[in-house]
Amino acid sequence: RGGACADSGGKMASTAAGKQRIPKVAKVKNKAPAEVQITAEQLLREAKERELELLPPPPQQKITDVEELNDYKLRKRKTFEDNIRKNRTVISNWIKYAQWEESLKEIQRARSIYERALDVDYRNVTLWLKYAEMEMKNRQVNHARNIWDRAITTLPRVNQFWYKYTYMEEMLGNVAGSRQVFERWMEWQPEEQAWHSYINFELRYKEVDRARSIYERYILSRAWVKVSILAALVLVHPEVKNWIKYARFEEKHSYFAHARKVYERAVEFFGEEHMDEHLYVAFAKFEENQKEFERVRVIYKYALDRIPKQDAQNLFKNYTIFEKKFGDRRGIEDIIVSKRRFQYEEEVKANPHNYDAWFDYLRLVESDTDAETVREVYERAIANVPPIQEKRHWKRYIYLWINYALYEELEAKASKRTRQVYQACLELLPHKKFTFAKMWLLYAQFEIRQKNLPLARRALGTSIGKCPKNKLFKGYIELELQLREFDRCRKLYEKFLEFAPENCTSWIKFAELETILGDIDRARAIYELAISQPRLDMPEV
């Protein structure tokens, strides 16, 4: 029993010790959210800030003798070498190492480090630049030249090397050497800025002829380009802006004849296939500065006739400004007309069946251009026949034909062409579905003005035969009345009343005609016949 008590006593002691080890978790009484909320981002930021605050500054080392200095150098070199050994391709480690050696005036060691780094990565631009800058900083001119030479030979497409090399030579006063480097560079057909740097270099030393020869090489420079399996010799810088810069260079140095020649060569060089408005604007402005106003006008007109209108907005604008400054009223009007013409062209191109745009365009053309141009526009307009054979769609279109015929008769004085226009229009109309009496009557009136009565009668007779209408009968009767052909009038009234017996006005007019002619019995008979008709539109009349 004593052993059992001892065991139970031991268990109780161990549980009591266990209970003592477990900390009591404090119960949260107030579970409401705090007034000021803190985000995770704020916590992280504060932690980072405090970490920076707590960092102790590195101890300052004071080196007092040579042994300590050598020991410090050894430690630093070991650190740098270890870093390089860990990762040879990180060039920043090499540069830091070389710069540290340079700060100790150990140029030979720094040079050795740069050479080792170049063995690792000779294509690294920064490495070459730092190496050359170190040599230049320490006035090692020949060493620097050697490095620049190696750099431009290894990486000839890195323009920074060439710029720095030429700048160094120029700063040293070695103009011939700098020119030689530029010449080597130009053999690689570099970008535009390189050529301009060379030109500006020559101009700094007043070498205008040399600069001119460089411009000549620049605008006509060619290079071999691989096309599929073949190689082709192509122009490197054929842009318009380069020709303009060349011409302005000549103008700036008062070689005006040379400048004009450059512009003329440029116009010839680009031809009519690759015309650019900027070239012509620059050429015109040059001639304007030389007070050659007629030449300016010719240049603008030549360009506007050949460049598509949508690509010539700037050209239009400059030509307008020029005419306002130096031209007469007629010149300004010409420009405005050509501008409006372009707008109308765009409108009719967008919607060929927009007859209102055609009317405006034709009005503009008629007021300003020759007969052939007007006819061409009219022909283009009348070619846009309405797609649906309904009269309401043709009402605007028919006036194109009427205006065309009136233009030929009154403005162009071409009666033969007028007749052709009327006949073509009348052939085009679908008379079985609908017709335009106005067109027939206008044609008949035209023939009478031409003293060609048989043709007028034939036209009106054809119209009554093909598509009889009240308006046609009335027009024909009125014509015959004016000609005092009363028998023809009677026949026409008879035809008219056969066509429309319910038309009271026609009966009355026929009876009035007989009354005027003094034939009362015929008039009475006509009235009797009229009121006996089964259908009348206005019987009370």
Side-chain angles (χ1 to χ4, degrees), residues 111 114 118 122-225 233-259 261-263 265-266 269:
R111 211 173 269 148
Y114 275 122
L118 286 171
Y122 69 91
R123 286 200 178 123
N124 193 299
V125 175
T126 313
L127 199 57
W128 287 103
L129 292 172
K130 295 283 183 191
Y131 191 5
E133 278 167 16
M134 181 197 80
E135 296 291 9
M136 289 193 290
K137 220 182 286 177
N138 293 286
R139 299 176 185 279
Q140 301 290 326
V141 175
N142 283 332
H143 276 285
R145 270 196 192 117
N146 183 19
I147 291 156
W148 287 129
D149 262 324
R150 285 165 61 198
I152 61 176
T153 308
T154 314
L155 301 168
R157 289 291 176 201
V158 179
N159 293 332
Q160 207 173 353
F161 295 160
W162 296 97
Y163 283 124
K164 285 190 176 284
Y165 191 6
T166 54
Y167 182 67
M168 183 190 85
E169 292 291 4
E170 195 176 351
M171 288 297 102
L172 292 169
N174 184 9
V175 177
S178 185
R179 187 175 287 128
Q180 199 174 354
V181 175
F182 269 120
E183 283 296 335
R184 282 174 65 188
W185 191 7
M186 295 309 117
E187 285 171 14
W188 286 95
Q189 302 298 349
E191 62 183 19
E192 291 168 17
Q193 190 53 47
W195 289 93
H196 291 307
S197 299
Y198 190 11
I199 289 159
N200 292 336
F201 162 77
E202 293 293 3
L203 291 175
R204 281 198 290 278
Y205 297 99
K206 307 287 186 290
E207 295 282 359
V208 177
D209 289 336
R210 281 180 181 274
R212 185 180 290 121
S213 68
I214 295 161
Y215 260 121
E216 284 289 339
R217 285 161 57 197
Y218 169 40
I219 59 173
L220 298 172
S221 56
R222 294 172 182 269
W224 288 99
V225 174
L233 198 62
V234 297
L235 288 159
V236 183
H237 303 292
E239 292 91 356
V240 166
K241 62 181 179 180
N242 299 329
W243 287 88
I244 293 170
K245 281 176 186 173
Y246 182 16
R248 282 179 183 160
F249 154 79
E250 294 286 11
E251 188 181 357
K252 186 181 173 184
H253 292 91
S254 302
Y255 292 101
F256 301 119
H258 282 207
K261 191 74 180 165
V262 171
Y263 278 122
R265 280 172 61 199
F269 175 80

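Residue indices begin at 1 and follow the sequence shown. Computed over heavy atoms, backbone and side chain alike; hydrogens, waters and symmetry mates excluded.
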request  = Report the C-alpha distance between Arg265 and Glu216 in whole Å, list the side-chain angles of each, state the deciding distance to 0.1 Å, and finish with yes or no for salt bridge (charged side-chain N to carboxylate O under 4.0 Å, His left out).
outcome  = CA-CA 12 Å; Arg265 280 172 61 199; Glu216 284 289 339; 2.8 Å; yes

ask   = Charged N to carboxylate O below 4.0 Å: is that the case for Glu250 and Arg212?
value = yes

ask   = Salt bridge between Arg217 and Glu183, side-chain N to carboxylate O under 4.0 Å?
value = yes

If you look at every heavy atom in [X] and [Y], which pair is closest and at what distance?
{"X": "Trp148", "Y": "Ala132", "value": "CZ2-CB, 3.4 Å"}
{"X": "Arg145", "Y": "Tyr165", "value": "O-OH, 4.0 Å"}
{"X": "Tyr163", "Y": "Ser197", "value": "CE2-OG, 3.4 Å"}
{"X": "Asn124", "Y": "Thr126", "value": "OD1-N, 3.1 Å"}
{"X": "Tyr246", "Y": "Ile219", "value": "CD2-CD1, 3.6 Å"}
{"X": "Met136", "Y": "Ala144", "value": "CG-CB, 3.7 Å"}

message = What I want to check is whether the side chains of Tyr205 and Glu170 have a donor and an acceptor closer together than 3.5 Å.
response = yes

Flag side-chain contact, heavy atom, 4.5 Å: [X] against [Y]:
{"X": "Leu172", "Y": "Glu169", "result": "yes"}
{"X": "Phe201", "Y": "Val175", "result": "yes"}
{"X": "Trp188", "Y": "Trp162", "result": "yes"}
{"X": "Gln193", "Y": "Asn159", "result": "no"}
{"X": "Leu118", "Y": "Tyr131", "result": "yes"}
{"X": "Asp149", "Y": "Arg184", "result": "yes"}

query = Residues two or more places apart in sequence or in another chain: which of them pass side-chain hydrogen bond (donor to acceptor under 3.5 Å, both in side chains) with Arg179?
reply = Glu202

Is the backbone of [Y] close enough, under 3.5 Å, to the side chain of [X] for a donor and an acceptor to pair up by distance?
{"X": "Thr166", "Y": "Ser178", "result": "no"}
{"X": "Trp128", "Y": "Tyr122", "result": "yes"}
{"X": "Asn200", "Y": "His196", "result": "yes"}

Taking atom [atom1] of [X] as the centre, does the number of heavy atoms from other residues, nucleotides or ligands within less than 6.0 Å exceed 12?
{"X": "Tyr167", "atom1": "OH", "answer": "no"}
{"X": "Arg123", "atom1": "CZ", "answer": "no"}
{"X": "Glu192", "atom1": "CD", "answer": "yes"}
{"X": "Lys130", "atom1": "NZ", "answer": "no"}

request  = First locate atom OH of Tyr215, then atom CH2 of Trp195, and finally report the distance between them rounded to the nearest 0.5 Å.
outcome  = 12.0 Å

message = Working to the nearest 0.5 angstrom, can you tell me the gap between Lys206 NZ and His253 NE2?
response = 8.5 Å

request  = Please confirm whether Trp185 and Phe161 have ring centers closer than 6.0 angstrom.
outcome  = no

inquiry  = Please evaluate residues Arg111 and Glu135 with respect to the criterion salt bridge (charged side-chain N to carboxylate O under 4.0 Å, His left out), reporting the C-alpha separation (whole Å), side-chain torsions for both, the decisive distance (0.1 Å), and the verdict.
reply    = CA-CA 9 Å; Arg111 211 173 269 148; Glu135 296 291 9; 2.6 Å; yes

